[in-house]
Amino acid sequence: MSTKKIVIALVVLSFWGANAQQRIPEVETLLQKMTIEEKIGQLNLLTPGGGVTTGEVVSKNVEAKIKAGQVGGLFGVAGPDKVRVAQELAVKESRLGIPLLIGSDVIHGYKTTYPIPLGLSASWDMELVQQAAQMAAKEATADGINWNFSPMVDIARDPRWGRIAEGAGEDPYLGSKIAEAMVKGYQGNDLAAAHTMLACVKHFALYGAAEAGRDYHSVDMSKVKMFNQYLPPYKAALDAGAASFMTSFNDVDGIPATGNKWLLTDLLRDQWGFKGFVVSDYTSLNEMIAHGLGDLQAVSALALKAGLDMDMVGEGFLTTLKKSLDEGKVTEEEITSACRRVLEAKYISGLFEDPYRYLDSKRPEKDILTKENRALARKLAAHSFVLLKNENQLLPLQKNKKIALIGPLADSRNNMLGTWAPTGDVSLAVTILEGFKNVAPNATIQYAKGANVSDDPEFAKKVNVFGPRIEIDRRSPEVMVEEAVALAKNSDVVVAVVGEATEMTGEAASRTDISIPDSQKKLIQALVSTGKPVALVLMSGRPLTFPEEFELPVAILQVWHPGVEAGNAIADVVFGDYNPSGKLTVTWPRNVGQIPIYYSTKNTGRPAPESDEFQKFRSNYLDSPNSPLLPFGYGLSYTQFAYSDFKLDKQSIGQGESISATVTVANTGNFDGEEVVQLYLKDMVRSITPPKRELKGFQKVFLKKGEKKEITITLSPDDLKFYNSQLEFVSESGEFEVFVGTNSDAQLSQTFILK
Ligand code: BGC
């Protein structure tokens, strides 16, 4: 490390330190030289278009604006040579030569696309999650990017919401661990290093709680629910050192997040101590007009005063703040503070020391899509799969069978990467047909499409916005099913790859019906009717409601959208080279009427019987059990695990003390495998209604067949705490019940007293 780099690192360390209020001298000197227009220019984030954009507006005259010092950052530009052109405009042709932040949405891998975040979270493997983010950072920075619009840490409990695919599921504890691992992976220990990038925690806040699961919809929730259930992952990302935050499209307590002072200043900065900068979401500042908060000048002033530092694409800041300043509606100090935060981020990225730090044209070839990266993507994918069912222990398959590989997603390169993979290249993805041939060259594999993802051309048109995802065959559905059935009859075993096309989830892809489309349901029934053993490989970016298919005598492997190595990873698991170990991070409902459904629900004053039997005047439904189709934390293995000897090290503890739970886990089946040992806590009596149970610890352990291990999970004093009605983080004396087991229905339990 050069002396200068050590100095930057030290300044950054003290800058990010909990109570630090130091100013960075270089930034202060620069601020002195800046005109008010130049300061406002730094608050402007533009995209020149050309790539995937998620709004209706694309920035214009970008080059002229950069030269005029009217741009603080760009996104949607990649590749060292292209970024250099933009950076040189800023550095050489603007008056003060301030370098640009170069952002990107690197959501699940840069070019080496790995599973969608919901899938990755199902690995419950924090080391792997961190490695994934690290790889993404290395690839993205090789392509000139220094700021990533990730992690997305929104808790989501409504699978109608398409963006459930982009987060880590429903649980604040697990979500916090994943948020932390991703921030560490992107940012490393030194943000000025050429292979690390600034993280941007999004979407602050509560975006995942959109009413009725409809994207961009309103959110309204109590503060107690916010603090206990929805805010922890954002806070965990902040504590892990995240350099920036992005606001959400929704309102929070009646005020759009982008202009919400309570959220952006009182909570984020004053209470939580955030020192970085806050960017809006794509035109979310301007969208405050449609929210009903006033005209562009009014909402821009409101947002600045609320604590927003950078305006993505909408140019509300650029075009109105000077006027607002002249009219006394904002102060120079407010503009300077926002500008300071943007400049500080540039400083800690090392951009002032070397604006071309991320622009080495030799790096892409060296660092992107390497053999090692693809191997990691394959591993990540295999670790994300969840075995939902394994009738007659059908899986894993032997590698020498005659296999009918059927389904609209079995040979569909365009549907492997997953939603929100704009930096990936679908043409590089390995299909399942290819993966099977690679991994089981001695098997006889015959393929038939069997069905369209959906037979509805109107639906297909809406899904195909980023390219063909649902391709409706010229043949009739009947002919396709017949062909598939004939192949099935002529094979030892059927593998049917069914589910959602990639853009059936993701942004602006909410669904009110989250079942398997009819075309594919018919195919599945026809295949099962042949009497041949059937394994379903289920692809989706969300939980699906499929109680009928679930009851069929089949094996079901949930594979999400696995990324560039999809086919190879699926084959690895189907043929037993890797024993699946993923666990669901979101509850799978039986039907949409149960939504929102999540394991940490409240007991209510009239709880339904555990048996799921209907009881009048109890909290249940006439036409559906309360229980989900599949609980949070659920996932099978090719082997079996038995839990025994569960004990706590103490019967009672005082405030501020820890307690440890120990359980013996044995691999009693025929394969080596990994199990995610999960610990849930129930606070029996509390001043506010407690959840039925909450995840408070987990460990992923590898056990050889026949092996057993003692697993200890320690609960810290903070694990017993919650936010009370005064929003104080406290633990209250009384009895607690601890559960351990293989999913959130874990039954082994012990109690202890907190004195
Ligand atoms: C999304 C963000 C994303 C941004 C920039 C928006 O539509 O909500 O998650 O970072 O676009 O691409």
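Just so you know, ligand 1 is whichever comes first in the structure, and atom 1 is the first atom listed for that ligand. Since we're looking at a predicted model, the values are computed, not measured.
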May I ask you to decide whether Glu63 forms a salt bridge with Lys67, counting only side-chain N to carboxylate O separations under 4.0 Å?
-> yes

Against heavy atoms of [X], which atoms of ligand 1 measure under 4.0 Å?
X	answer
Met312	5 (C)
Tyr282	6 (C), 7 (O), 11 (O)
Lys202	2 (C), 3 (C), 9 (O), 10 (O)
Phe75	5 (C), 12 (O)

Ligand 1-proximal atoms of Arg163, by part, heavy-atom distance under 4.0 Å =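 The answer is the side chain of Arg163.
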
Hey, can you tell me if Tyr216 and Phe249 have their rings parallel, tilted or perpendicular (30° and 60° cut-offs)?
-> perpendicular

Parallel, tilted or perpendicular: ring planes of Phe352 versus Tyr347, cut at 30 and 60 degrees |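 The arrangement is tilted - the two ring planes meet at 30° to 60°.
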
Test ring pair (Phe, Tyr, Trp, His ring centres under 6.0 Å) on Phe632 and Trp124 and set out the steps.
-> CA-CA 12 Å; Phe632 173 86; Trp124 294 61; 5.6 Å; yes

Give yes if a backbone or side-chain nitrogen or oxygen of Trp420 is under 3.5 Å from a nitrogen or oxygen of ligand 1, and no if not.
-> no

Looking at ligand 1, does any of its N/O atoms fall within less than 3.5 Å of an N/O of Glu166?
-> no

Can you give the donor-acceptor pairs under 3.5 Å from side chains of residues 77-86 to other protein atoms, not counting sequence neighbours?
from  : atom 1 : to     : atom 2 : distance (Å)
Arg84 : NH2    : Leu359 : O      : 2.9

Compile the donor-acceptor pairs under 3.5 Å between side chains in residues 295-310 and protein atoms, sequence neighbours left out, one pair per line.
from   : atom 1 : to     : atom 2 : distance (Å)
Asp295 : OD1    : Gln297 : N      : 3.4
Asp295 : OD1    : Ala298 : N      : 2.8
Gln297 : OE1    : Lys323 : NZ     : 3.1
Gln297 : NE2    : Ser324 : OG     : 3.1
Gln297 : NE2    : Glu327 : OE1    : 2.9
Ser300 : OG     : Leu296 : O      : 2.6
Ser300 : OG     : Gly316 : O      : 3.3
Ser300 : OG     : Thr320 : OG1    : 3.4
Lys305 : NZ     : Lys329 : O      : 3.3
Lys305 : NZ     : Glu334 : OE1    : 3.1
Lys305 : NZ     : Glu334 : OE2    : 3.0
Asp309 : OD1    : Arg341 : NH1    : 2.6
Asp309 : OD2    : Arg269 : NH2    : 2.8
Asp309 : OD2    : Val278 : N      : 2.8

Please find out if less than 6.0 Å separates the ring center of Trp161 from that of Tyr207.
-> yes

Among the heavy atoms of Met152, does any lie under 4.0 Å from an atom of ligand 1?
-> no

For atom 10 (O) of ligand 1, which of Asp105, Ile107, Asp281, Val279 has the closest heavy atom?
-> Asp105

